[in-house]
2 protein chains.
Amino acid sequence: MQQMAELLKAQKLKVTPQRLAIFKILYETTEHPSAEHIYKRIQATHPTMSLATVYKTLDTLKKAGLVQEFNVGEDSFRYDANVNTHPHMICLTCHQVFDLHTDKLQHIKKYVEPETDFDIDFEKVFFYGTCAKCQKAKEKS
Amino acid sequence: MQQMAELLKAQKLKVTPQRLAIFKILYETTEHPSAEHIYKRIQATHPTMSLATVYKTLDTLKKAGLVQEFNVGEDSFRYDANVNTHPHMICLTCHQVFDLHTDKLQHIKKYVEPETDFDIDFEKVFFYGTCAKCQKAKEKS
DNA sequence: ATAGATGCAAAGTCTTTGCATCAAA
DNA sequence: TTTGATGCAAAGACTTTGCATCTAT
């Protein structure tokens, strides 16, 4: 978290309790929460923080390269403090979003680039299916 | 297009001029238009069609598996009549979305599945970068 | 004839913006 | 002190919904 303050300073951004709190939530969860989720969770520690601040802060952090934003087909965006390129898996039953820890897709960018005339910077990969828990629930029924 | 009527009938959906017109636009473009784009383009031939009908129709076609929907980070969804799993490339400069025709990623699902406890149905892959045209424009400047 | 689709307007989400106040540097 | 951040309310953008009318079957 100390590190977070440094990262903000490095971008010439002010270090505020709000920014630290939002980053902390994102840093400690694997749930890829939406702005609304973050807002609700933050009530416990920062009951006066407004939803607008959550949105503004997420935008600021995104532009600073400290969080990434994506949409898996829902009506709102989700956020992730892990800005490294990594695939996500979406359960079509419980709608949870998981990180996929694998090195198997490390080089798809370079693998694919010769096939195109694009200069590729990064990719986003989403796998859709059924998580372990929901698979078991279906077996029982 | 005759085929489209058959596909609708197969789903026990009525074959209406509105549905055919929307599918035709999606089928003939490679632009991956949003609902609003489709609505504007459709004015030329169907000036009385409402935006609500465009949304309802896209939802119907999506549920029937005749179009796919995705969000590349914009404020609206885009639609594609090509429902086969295929990667998209997004130009971060001109914001156009292109299909990537390649067989290099045909098997990433099976390649990755052993690394997870998910039962994967399909994937969505997006490459972000600079298209050929925008690369050239930058060289000149 | 009947079930279902369309079109319009209104409403519902999610997100952004304007502006006065407040806090970090 | 100065610059930028926060919080509130209002506005904006995209999408959905309710309902009367119309149309495909």
Side-chain angles (χ1 to χ4, degrees), chain A residues 1-2 4-25 32-43 45-64 66-67 69-79 95, chain B residues 1-2 4-25 32-43 45-64 66-67 69-79 95:
Chain A
M1 230 18 60
Q2 184 54 40
M4 178 61 191
E6 298 308 322
L7 291 169
L8 286 171
K9 283 178 192 168
Q11 303 276 343
K12 297 188 178 170
L13 296 168
K14 287 185 180 171
V15 180
T16 68
Q18 290 86 341
R19 286 173 175 174
L20 293 176
I22 288 171
F23 187 78
K24 188 166 185 285
I25 283 183
H32 310 86
S34 66
E36 191 77 38
H37 286 146
I38 294 169
Y39 175 64
K40 279 179 185 158
R41 193 169 314 175
I42 225 159
Q43 307 276 30
T45 53
H46 299 71
T48 63
M49 197 188 307
S50 75
L51 183 55
T53 297
V54 174
Y55 276 107
K56 284 173 186 166
T57 300
L58 287 170
D59 190 54
T60 301
L61 296 178
K62 179 177 67 178
K63 282 174 180 157
L66 301 176
V67 306
E69 177 191 74
F70 55 85
N71 183 303
V72 301
E74 299 165 315
D75 46 11
S76 59
F77 284 89
R78 288 174 177 258
Y79 297 86
H95 305 106
Chain B
M1 228 22 58
Q2 184 53 39
M4 177 61 191
E6 298 309 321
L7 290 169
L8 286 171
K9 283 179 191 168
Q11 303 277 341
K12 298 187 178 171
L13 296 168
K14 287 185 179 170
V15 180
T16 66
Q18 289 87 341
R19 287 174 175 172
L20 292 175
I22 289 172
F23 186 79
K24 187 166 186 286
I25 282 183
H32 310 88
S34 66
E36 191 77 39
H37 286 147
I38 294 169
Y39 175 64
K40 279 180 185 156
R41 192 168 315 175
I42 226 160
Q43 308 275 31
T45 52
H46 298 72
T48 63
M49 198 188 307
S50 75
L51 183 53
T53 297
V54 175
Y55 276 107
K56 285 172 186 166
T57 300
L58 288 170
D59 190 54
T60 300
L61 296 179
K62 180 177 66 176
K63 284 175 179 156
L66 300 176
V67 307
E69 177 191 76
F70 55 85
N71 183 302
V72 301
E74 299 165 315
D75 47 10
S76 59
F77 284 88
R78 287 174 177 259
Y79 297 86
H95 305 106

Test item: [X] and [Y] side chains (from C-beta on) under 4.5 Å apart, heavy atoms:
X       : Y       : result
B/Tyr79 : B/His37 : no
A/Leu8  : A/Leu66 : yes
A/Ile22 : A/Val67 : no
A/Ile42 : A/Gln18 : no

For B/Lys14, does its backbone N or O pair with a side-chain atom of B/Arg19 as donor and acceptor, under 3.5 Å?
yes

Could you check how far [atom1] of [X] sits from [atom2] of [N], rounded to whole Å?
X       : N      : atom1 : atom2 : answer
A/Leu51 : D/dA9  : CG    : C1'   : 13 Å
B/Leu20 : D/dT23 : CG    : C1'   : 14 Å
A/Glu36 : C/dT16 : CD    : C1'   : 15 Å
A/Glu74 : C/dT13 : CD    : P     : 16 Å
B/Ile42 : C/dG7  : CD1   : C1'   : 14 Å
B/Lys12 : C/dA5  : NZ    : P     : 13 Å

From C/dT13, C/dT15, D/dT15, nucleotide with atom closest to A/Ala35 side chain:
C/dT15

Please report the interatomic distance CG(B/Leu20) to CD1(B/Ile25), rounded to the nearest 0.5 Å.
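Those atoms lie 12.0 Å apart.
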
Gap separating the CG atom of B/Leu13 from the NZ atom of B/Lys63, nearest 0.5 angstrom:
11.0 Å

May I ask you to decide whether B/Lys56 forms a salt bridge with B/Asp59, counting only side-chain N to carboxylate O separations under 4.0 Å?
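Judged by the 4.0 Å cut-off on N to carboxylate O distance, B/Lys56 and B/Asp59 do not form a salt bridge.
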
Here the residues of residues 52-61 of chain A within 4.0 Å heavy-atom distance, strictly under, of DNA chain D are A/Ala52, A/Thr53, A/Lys56, A/Thr57

Looking for any heavy atom pair under 4.0 Å, which part of the strands does B/Thr48 touch: base, sugar-phosphate only, or nothing?
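B/Thr48: backbone/sugar contact only, no base atoms under 4.0 Å.
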
Which parts of nucleotides 20-25 of chain C does protein reach within less than 4.0 Å, heavy atoms only, written one letter per nucleotide 5' to 3' as B for base, S for sugar-phosphate only and - for none?
---BBS

